[in-house]
Amino acid sequence: MFAVIGRYDEVFKIEMDGWSFGISNYPGEVSPSIVHRIVRELASSFQAAIEHNVVIDILGLAQKFSESAKSLLHPEEIALAMVAQLPNPAILTEEQRCVLGQVLDRVDQAHSGALNNFYRRWNLGVRDAA
Amino acid sequence: MADTKIEQRSQEHAAKQDDLLWTSKLAAGQTQALAGRLMPSLKSRIAGILDERFERFFKSVEDQAAGAKEGSSVKGNGTETSANETRAQPSQASKTQDAVTLVRGAFDAALSEAPRFSPQAAGAESRDNRERPPTQQQVSRKQAHAQQLVKIAQSAQQSWVAFAAQLIGANLKRLGLEPSELDDIRLFLIRQGAASYEELKKLTRLPDSLDPAAELKALEDIKTLMLAYVVQATQEQILSDLELDEQKEPIGFAKPIVNRFSDIPEKEVDPSKLLELGLAL
């Protein structure tokens, strides 16, 4: 377990709470595509969190987003979409990869087989980057 | 025996390699997606693949239909076949050909007829009508024709999108695309179709669900709400942190920062005197 750098876990929590607040308090109609768009916006936040050694609770976050969107999307779908936004291990340090591994392990335990799908993405990403 | 197995395996391996090559070519777009530049390259690749696949699909269907027609005409000239076969083949071929003709015809009809429903064209029509007013029967026939065309165009567009989505789903799932990304592509295809109709003045504007600008606006609104929450929460956290720090260890701000006038004793001022002074000035 690595120490969180600069209390970033609190910053991250506030940001994620902010997003779920935004979704639940949006006066218009929230469509699935908007939720997915928001999830895609989180890519940089996820990367920053992992770079600060924050073990993101993807499942909890997905559950929260699903509730904010009035169960418009299943938490599993949001969780898998979030995993797709995690940074490519090729651009991370050893320490950050361990943190990423911890994040992924939680998701894999809940939704087994999901990792194989994403491993292919990353593998292709690594090959292309090389 | 062993040689045959080895050959079979090498063939399988070669097929896998080809498959991998194809997927890796497509995956270049996906790698860009990981870097945050998802859609443009992926879209163009998909569009390219679809164009090619569509051409191949239409050609194969047309060939099949033509072959079946020829076959049936030969059979009609005296070739011996079973009665069932003769009945089944042309009907299936004609069905597929009908489907293709319908889709193509609907698009052609939409393309050729659409300008007639543009505001400019409508204005021109109304001017013509002033000169020679149409009968009630003509108007109702025109309206029915227009409705029919819209229906055909809609069904053609839907079938085109469904077909394209099916192709994408079958080919790109192997790459581990997310449902959201597939949805994006589907939406992109629908938008493409809708935009072409918009260009033809068939639609005055895109519905909100298909309008990327509306979606972006929603995203911006939610982002604003998020930022408002973050600002408030951060302030509260800073304050609570300060309180915690004060409990632990009082913060020794330099006096001038806290209040640079704190050393000056306060004086009681009579408002009526102040007013008099003001008037005198």
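Because the structure is a prediction, the values reported are computed rather than measured. Each chain gets a letter, A, B and so on, in the order its sequence line appears, and its residues count up from 1.
Note on B:Val230, B:Leu227, B:Ile222: by heavy-atom pairs under 4.5 Å with chain A, the leading option is B:Ile222. Of the listed residues (A:Asp17, A:Val35, A:Ile91, A:Asn25), the greatest number of heavy-atom pairs within a distance under 4.5 Å of chain B belongs to A:Asp17.
Between B:Ala218 and A:Ile34 the shortest heavy-atom distance is CB-CD1, 3.5 Å. The two residues A:Trp19 and B:Met226 have their closest heavy-atom pair at N-CG, 3.3 Å.
Interface remark: A:Glu41 contributes side-chain atoms only to the contact with chain B (heavy atom separation under 4.5 Å).
In this structure, CG in B:Asp221 is found 5.0 Å from OH in A:Tyr26, a value given to the nearest 0.5 Å.
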